[in-house]
Every structure is written in structure tokens, then in C-alpha cells.
Amino acid sequence: MGTDQSLYDMDAFNKVMYQSDMVENNRTYMPTYGKEIDAIETEECEKYITGLQDIDTTINNLQTRATEVIEKNKQ
């Protein structure tokens with residue numbers, strides 16, 4: 001933060017940073033198949049970026065392939 005406190009909502013800042021009853025919730029659920037979804041995203045985005053497929057195909061492929069992985073892992 002800069003030195004000009006008039007640019008900031010200091011009451012809100014102090015409540016967030018220094019309020020003693022604040023509970024941090026930094027637990028993030030990452031499914032076991034998360035890396036597989038990441039790989040799909042990388043593969044499909046590379047095809048789009050390199051001009052091998054258009055954006056609509058990319059989005060469709062991402063959704064279809066990710067859904068297949070999710071459904072496979074529900075069982």
C-alpha cells in the first residue's frame with residue numbers, strides 16, 4: 001500500500017487483516033483426476049493457439065473430454 005491512506009478503505013483493510021475472529025479457509029479440494037483435466041486443457045489450447053482448430057471446436061473438445069474424465073471417475 002502507498003502512504004496516502006485516503007486512497008484506501010482503511011477500516012475495511014484493518015478488519016480483514018487484524019480482526020481476531022477471522023477464520024482462514026484455505027482448504028481447496030482438488031480431485032485425483034485434476035492433472036488429467038490440466039493435460040486436456042493444455043492439449044486443446046495448444047491446438048487453438050497453433051491454429052489447428054478454432055475456438056468453438058476447442059471449447060467443445062474441452063467440455064466433452066473433461067466431462068468424460070469426470071464421469072469416469074464418479075464410479
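Here, residue 1 is the first one in the sequence, and each next residue gets the next number. Because the structure is predicted, anything quoted here is derived from the model rather than measured.
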Visitor: Quick check on Q63: does its CD atom have over 12 non-hydrogen neighbours (other residues, nucleotides or ligands) under 6.0 Å away?
Guide: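 Open.
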
Visitor: Quick one: side chain to side chain contact (heavy atoms under 4.5 Å, CB included) partners of D56, sequence neighbours excluded?
Guide: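 So D56 forms a side chain to side chain contact (heavy atoms under 4.5 Å, CB included) with D54.
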
Visitor: Restricting to salt bridge (Lys or Arg N to Asp or Glu O under 4.0 Å), what partner residues turn up for K72, sequence neighbours left out?
Guide: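 Salt bridge (Lys or Arg N to Asp or Glu O under 4.0 Å) check on K72 returns E36.
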
Visitor: List the residues meeting side-chain hydrogen bond (donor to acceptor under 3.5 Å, both in side chains) with N60, not counting sequence neighbours, and say none if there are none.
Guide: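 With sequence neighbours excluded, N60 shows a side-chain hydrogen bond (donor to acceptor under 3.5 Å, both in side chains) to no residue whatsoever.
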
Visitor: Not counting sequence neighbours, which residues clear salt bridge (Lys or Arg N to Asp or Glu O under 4.0 Å) with E68? List them please.
Guide: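 Checked E68 against salt bridge (Lys or Arg N to Asp or Glu O under 4.0 Å); zero matches.
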
Visitor: Apply side chain to side chain contact (heavy atoms under 4.5 Å, CB included) to Q53 and list each qualifying residue two or more places apart in sequence or on a separate chain.
Guide: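 Applying side chain to side chain contact (heavy atoms under 4.5 Å, CB included) to Q53 gives E44, K47, T57, T58, N61.
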
Visitor: When rounded to the nearest 0.5 angstrom, what is the spacing between CD in E41 and CD in E46?
Guide: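 Answer rounded to 0.5 Å: 11.0 Å.
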
Visitor: Given a cutoff of under 4.5 Å between side-chain heavy atoms of I, L, V, M, F, W and Y, with clusters grown through shared members, what are the other residues clustered with I55?
Guide: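 Its cluster partners, ordered by chain and number, are Y48, I49, I59.
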
Visitor: Tell me which one of V69, I40, D38 satisfies side-chain contact (heavy atoms from CB on, under 4.5 Å) with Y33.
Guide: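 For Y33, the side-chain contact (heavy atoms from CB on, under 4.5 Å) check succeeds only for V69.
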
